[in-house]
Visitor: 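Have a look at this one before I ask anything.
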Amino acid sequence: MLVREHGKTLAEARGEVRRGIENVEVAAGIPNMLREGSGTVEDVAPGMDEAAIRQPLGTFAAVVPFNFPAMIPLWFLPYAVATGNTFVLKPSERVPMSSQLIFEAIDAVDFPDGVVNLVNGSADTVNAILEHDGIEGVSFVGSSAVARHVYETAAQHGKRVQAQGGAKNYVVVTESASLDDAVPNIIGSVYGNAGQRCLANDVVVGVGDVADDLRDRLVSAAEDLTVGNGREEGTDVGPLITPDSRERVLGMIADAVDEGAELLLDGRDFEHPDYPDGNFMGPTLLSGVTADMEIAQEEIFGPVLCFAETDDLDGAIEMVNSTRYGNASSIYTERGGEARRYKYEVDAGNVGVNVGVCAPMGFFHFGGRKESFFGDLHAQGEDAVAFYTDKTIAIERYYE
Ligand code: NAD
């Protein structure tokens, strides 16, 4: 009929009809589309409406790490109270002061008493929260071993849990990448926050011929970084959180050298003239890192870049996926095909293309995979709403 009355070809006519029928198929699912749009479906049967109502559950708690004392509490607190719950925050005992300040600000605006609560302490306090009958759910961010413990213990006590763990993030650079843009971006990702970031990409994999140039540029950019007091203008890298943390990082570097890595930049002996007792370390760069080394598998949490090489993208993706973590990973490339493959084949919750720190905005969820995350609903965005609420189905009909 289309060919007869319009004159188009048979193939064009078939295509047109197929696209028309597609709309009939989509419209056949209209109850779902209405529900997503308005939350209510009218007339599921004559005179009967059905809706899902989200309701708060009671009291939630969050246990948070040291490395982002102001931001991470706010991945949870605002969503928990905005959805109608009360909330308990347990900050890291290593950085209790920023949370104190946040709570003073909350007090200053006359927030209702008892809605948000600050509890300081360490493991014992966390365990009391995990076992407490009055707490409906727990959010956790920290190392994977503790994340697993929180997940298992809170679940045993009947609670909802979302537990974000540690990370080991790789960045892959292919021959098509723009190195002028990639290098400063990678340097920021590795050494920013002194490497104490769950999204730090601390292993850089140069693919094919790009490796030599990339390595040289990374070494010279890392050499230019200034280590010091974060309050002083021009400081790029501050101290590590504790002397133990510094010792742990120094130990990982020594082990990597024993396993065959080459130290192209050694920041281990850095001493700040004004703060000889500070936990400072200079930017460090290890080359010749391979997937079987501990430093390629475990989180460093210090200002250390590990440089590795592969012949092709297959080898790079295999290396990225070799760790037990799956928090984030980035590729630097100008080829869409490489970026697309990376996005689908890398087992990480956050994937960046020409982006060094792929931290999602608040309207998207944030969370990793494998041992970087225990649970199902992540922090932020729609997942936060689902985590902090339960859904009641209300089906209504009236006879008069
Ligand atoms: P941590 O695991 O030592 O401490 C986190 C929290 O757990 C603290 O509040 C601490 O008091 C508590 N805690 C510590 N040991 C405990 C135990 N045995 N039982 C119960 N509670 C315990 O972590 P950290 O050193 O403060 O933070 C660094 C870690 O956090 C890194 O592994 C980093 O990757 C991870 N992290 C992950 C994300 C993410 O989004 N996945 C974000 C930031 C940090």
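Numbering of ligands and ligand atoms starts at 1, following listing order. A quick note: this is a predicted structure, and the numbers were derived from the prediction, not measured.
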Visitor: Start with the C-alpha gap between Tyr332 and Thr174, add the side-chain angles, then the distance that decides, and say whether side chain to side chain contact (heavy atoms under 4.5 Å, CB included) holds.
Guide: CA-CA 6 Å; Tyr332 287 82; Thr174 73; over 6 Å; no
Visitor: With ring pair (Phe, Tyr, Trp, His ring centres under 6.0 Å) as the test, pick out the partner of Phe366 among Tyr79, Phe68, Trp75.
Guide: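 In the set Tyr79, Phe68, Trp75, the residue that makes a ring pair (Phe, Tyr, Trp, His ring centres under 6.0 Å) with Phe366 is Trp75.
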Visitor: For the pair Lys168 and Glu299, find out whether any cationic side-chain nitrogen is under 4.0 Å from an anionic carboxylate oxygen.
Guide: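 Result for this pair is no, no salt bridge flagged.
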Visitor: What pairs with Phe373 under ring pair (Phe, Tyr, Trp, His ring centres under 6.0 Å), at least two apart in sequence or on another chain?
Guide: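 Per chain and number, Phe373 pairs via ring pair (Phe, Tyr, Trp, His ring centres under 6.0 Å) with His378.
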Visitor: Can you check whether Ala200's main-chain N or O pairs, donor with acceptor, with Asn169's side chain at less than 3.5 Å?
Guide: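 Indeed, once roles are kept as given, a pair shorter than 3.5 Å links the two residues.
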Visitor: For ligand 1, what is the set of protein residues having any non-hydrogen atom at a distance below 4.0 Å?
Guide: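 Residues near ligand 1: Val63, Val64, Pro65, Phe66, Asn67, Ile72, Trp75, Lys90, Pro91, Ser92, Glu93, Arg94, Ser122, Ala123, Val126, Phe140, Val141, Gly142, Ser143, Val146, His149, Gln164, Gly165, Gly166, Ala167, Cys198, Glu299, Phe301, Asn327, Phe366.
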Visitor: Fit a plane to each ring of His272 and Phe270, take the angle between them on a 0 to 90° scale, and name the class: parallel (under 30°), tilted (30 to 60°) or perpendicular (over 60°).
Guide: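 If you compare the ring of His272 with that of Phe270, the planes turn out perpendicular.
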